[in-house]
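This report concerns only the one structure given below.
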Amino acid sequence: MSDYTPNEMMSVTAARALSGNDVCFVGIGLPSEAANLARLTHAPDLTLIYESGTLGTQPKVLPLSIGDGELCETALTTVPVPEMFRYWLQGGRVTVGFLGAAQLDCFGNINTTVIGDYDAPKVRLPGGGGAPEIAISCGEIFIVMRQSKRSLVERLDFVTSLGHGMGGNDRAERFGVTTKGPSRLITDLCVMEPDPETKAFTVTSLHPGVTREQVIENTGWEALFADEMPETPAPLAKELKALRALKKRTEKAHG
Amino acid sequence: MAEFSTLEEAVAACVRDGDALAMEGFTHLIPHAAAHEVMRQGRTGLTLIRMTPDIIYDQMIGMGCASRVVFSWGGNPGVGSLHRLRDAIEQSWPNPIGVEEHSHAAMANAYDAGAAGLPCAVFRGYRGAELVRVNPNIKAVVCPFSGEELAAVPAINADVAVVHAQKASKKGDILFEGIVGVQKEAVLGAKRSIITVEEIVDDFADSGPNAVILPHWTIGHIVHVPGGAHPSYAHGYYDRDNAFYKEWDAIAKDRDGFRAWMEEHVMQGSAEDFARHRPKRTKRKRR
């Protein structure tokens, strides 16, 4: 019996993907949790940007929305939203975009728009928000999400944001996008990285206690595994302490 | 030219059935009190433009005010779905609703173009994104200098922009602080405007030289509505009511429950009801 949950394992691993030199465009939810944990542990100099216009923000509690007052009050500066998307994101000043997804395919294309047909959806999801341009304008993209056959799918119902398209060099050749695209997927079971040639997500480390069978059972495409399969390093006590304190402060703040 | 009036007068003068409305505020300064008045006056057939429909448009859509919605992210932030927006799109309740869906970058650029008097916005976006297939208002243009293909969307020029701000001066100038979103662009791009404010002051002598100010000669109606952004917030006055955003999920889930709540809290309410959401002390302490 481990003394941390799969969700904590996921957030700590996602946080470790960021370094103090990164300028990170942060999605709400799991990405925001991971990015702030990184800032509170090994990467205090990490620059966090939220699409509400807050640059270099250092929230003490996790924001419920992308535009909570906490983000503005603790930011270096707050710019208008058109400037955020034009100068800062489109201008190529962001090293990492950190996104979540409702549905993801093996090439890192993301759906957060609809389940079913667009014109007669079974489920209308919130939509793309900033993601379509975050996906193409940031230096690279990290994705954090819980994995299941419903979320990691063979075929997306709708492509909200571009990953590696149909794989290989499709991203650059068909769409003229020169940024790196999805380079890491962190789930509650494992870490996946794109195969250098095909760009299909390949498991590169399994979280402690997780088996290949578990990953296969919770992946909607045929799961691929790297030749060498190290174990993802378990969370350190200080990381767990910081994460739990952050979540406790957040819960208290939002009532 | 700025005119001070009551909320009833401002909405009656500016908002007509079938208008395109941009009630903006990026999470912050969302003009809820003004939206309540639009619903009380029974406006219908509106095109509702907003980057994030949020609770404000969930309410208006559920009350049958809208025939079309233009948006880029339609959820309850950090909570889940906007149930009334979903019910309208998925089940045509209370009426069918047209959808024009964009990305945030597209709408922010489109507001900017609207304020700048340009017919369209050009930006590097939508590459590999399927919205291009389903939204005929997303086109491509080729840069005449570099040959790069770029995305183009029409400028946003609403019939009426409705926003909430911290302060109006007695002369009718408007001051915004904090997350300023696309409010300035929405107002400058619109034919008519209603600005609700937390307070009316003599002047902005204590603001910095680069404060975000809309001069009185760019403004239509100004209405003093303390607390008028609740459950959104007004930086320096009151916090976002995150607990209410969570409660809204249950209120809006069910059609009858939603209508009953709206009847009690909105249709029988008034602009003065919002004042109770604002603490007596005007300066909140920083955490």
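Just so it is clear: chains get the letters A, B, ... in the order the sequence lines come, proteins before strands, and each one is counted from 1.
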Test side chain to side chain contact (heavy atoms under 4.5 Å, CB included) on A:Glu73 and B:His235 and set out the steps.
CA-CA 9 Å; A:Glu73 284 164 20; B:His235 191 107; 3.6 Å; yes
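- Contact annotation: the side chain of A:Phe158 approaches that of B:Val134 to within less than 4.5 Å [non-hydrogen atoms, C-beta and beyond].
- Between the side chains of B:Glu101 and A:Tyr118, at least one donor-acceptor pair of N or O atoms lies under 3.5 Å.
- Put simply, the side chain of B:Arg127 does not reach to within 4.5 Å of the side chain of A:Glu133, judged on heavy atoms.
- Between A:Thr78 and B:Val180 there is no side-chain heavy-atom pair separated by less than 4.5 Å.
- Heavy atoms closer than 4.5 Å to chain B are found nowhere in A:Glu83, neither backbone nor side chain.
- With a 4.5 Å cut-off on non-hydrogen atoms, A:Phe175 touches chain B through its backbone and its side chain both.
- Using a 4.5 Å cut-off between heavy atoms, A:Val123 touches chain B through backbone and side chain atoms alike.
- B:Met51 touches chain A through its side chain: at least one heavy atom from C-beta onward sits under 4.5 Å away, while N, CA, C and O do not.
- In the displayed structure, A:Glu197 atom CD is contacted under 6.0 Å by at most 12 heavy atoms of other residues, nucleotides or ligands.
- Looking at B:Val99, only its side chain comes within 4.5 Å of chain A, counting heavy atoms on both sides.
- Across A:Val81 and B:Ala108, no two heavy atoms sit closer than the pair CG1-CB, 4.0 Å.
- Counting non-hydrogen atoms of other residues, nucleotides and ligands closer than 6.0 Å to CZ of A:Arg155 gives a total of 12 or fewer.
- For a residue to count as touching a neighbouring chain, one of its non-hydrogen atoms must lie under 4.5 Å from one of that chain's; by this rule A:Thr160 touches chain B with the backbone only.
- Distance OG/A:Ser65 to CG/B:Asn242: 6.5 Å, rounded to 0.5 Å.
- Using a 4.5 Å cut-off between heavy atoms, A:Leu64 contacts chain B through both its backbone and its side chain.
- For chain A, the option among B:Ala243, B:Ala105, B:Ala129 with the highest count of heavy-atom pairs below 4.5 Å is B:Ala105.
- Of the atoms belonging to B:Phe176, not a single heavy atom falls under 4.5 Å from chain A.
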Quick one: do A:Arg86 and B:Asn109 satisfy side chain to side chain contact (heavy atoms under 4.5 Å, CB included)? Show the steps, please.
CA-CA 8 Å; A:Arg86 290 156 68 90; B:Asn109 276 286; 2.7 Å; yes
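- Between A:Thr112 and B:Trp73 the shortest side-chain heavy-atom distance does not fall below 4.5 Å.
- If you tally non-hydrogen atom pairs under 4.5 Å between each of B:Gly181, B:Gly125, B:Gly75 and chain A, the highest count goes to B:Gly181.
- In this structure, the separation between CG on B:Leu131 and OG1 on A:Thr113 is 5.5 Å, given to the nearest 0.5 Å.
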Which is it for A:Cys72 and B:Ile179 under the side chain to side chain contact (heavy atoms under 4.5 Å, CB included) test, yes or no, and what are the steps along the way?
CA-CA 7 Å; A:Cys72 178; B:Ile179 291 174; 3.9 Å; yes
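- With a 4.5 Å cut-off on side-chain heavy atoms, B:Tyr245 and A:His254 do not count as touching.
- With a 4.5 angstrom heavy-atom cutoff, B:Glu185 touches chain A only via side-chain atoms.
- Distance OH/B:Tyr126 to CD1/A:Ile136: 11.0 Å, rounded to 0.5 Å.
- No more than 12 heavy atoms of other residues, nucleotides or ligands sit less than 6.0 Å from atom CZ of A:Arg150.
- A:Pro80 has its side chain out of reach of B:Val182: every pair of non-hydrogen atoms, C-beta onward, lies at least 4.5 Å apart.
- Residue B:Lys184 does not touch chain A at all, counting heavy-atom pairs closer than 4.5 Å.
- Taking the side chain as every heavy atom from C-beta outward, A:Gln90 and B:Phe123 approach each other to under 4.5 Å.
- Taken to the nearest 0.5 Å, the NE2 atom of B:His104 stands 11.5 Å off from the CG atom of A:Leu89.
- Between A:Val159 and B:Glu130, the shortest heavy-atom distance links the atoms N-OE1, 2.6 Å.
- Put simply, the side chain of B:Tyr111 never gets that close to the backbone of A:Pro82: no donor and acceptor are under 3.5 Å apart.
- In terms of non-hydrogen atom pairs under 4.5 Å with chain A, the most contact-rich of B:Ala106, B:Ala151, B:Ala110, B:Gly178 is B:Gly178.
- Close approach to chain A, defined as a heavy atom under 4.5 Å from one of its heavy atoms, is seen in B:Pro77, B:Gly78, B:Val79, B:Arg86 of residues 77-88 of chain B, taken by number.
- With a 4.5 angstrom heavy-atom cutoff, B:Arg124 touches chain A via backbone and side-chain atoms both.
- Heavy-atom contacts from other residues, nucleotides or ligands closer than 6.0 Å to NZ of A:Lys247 number 12 or fewer.
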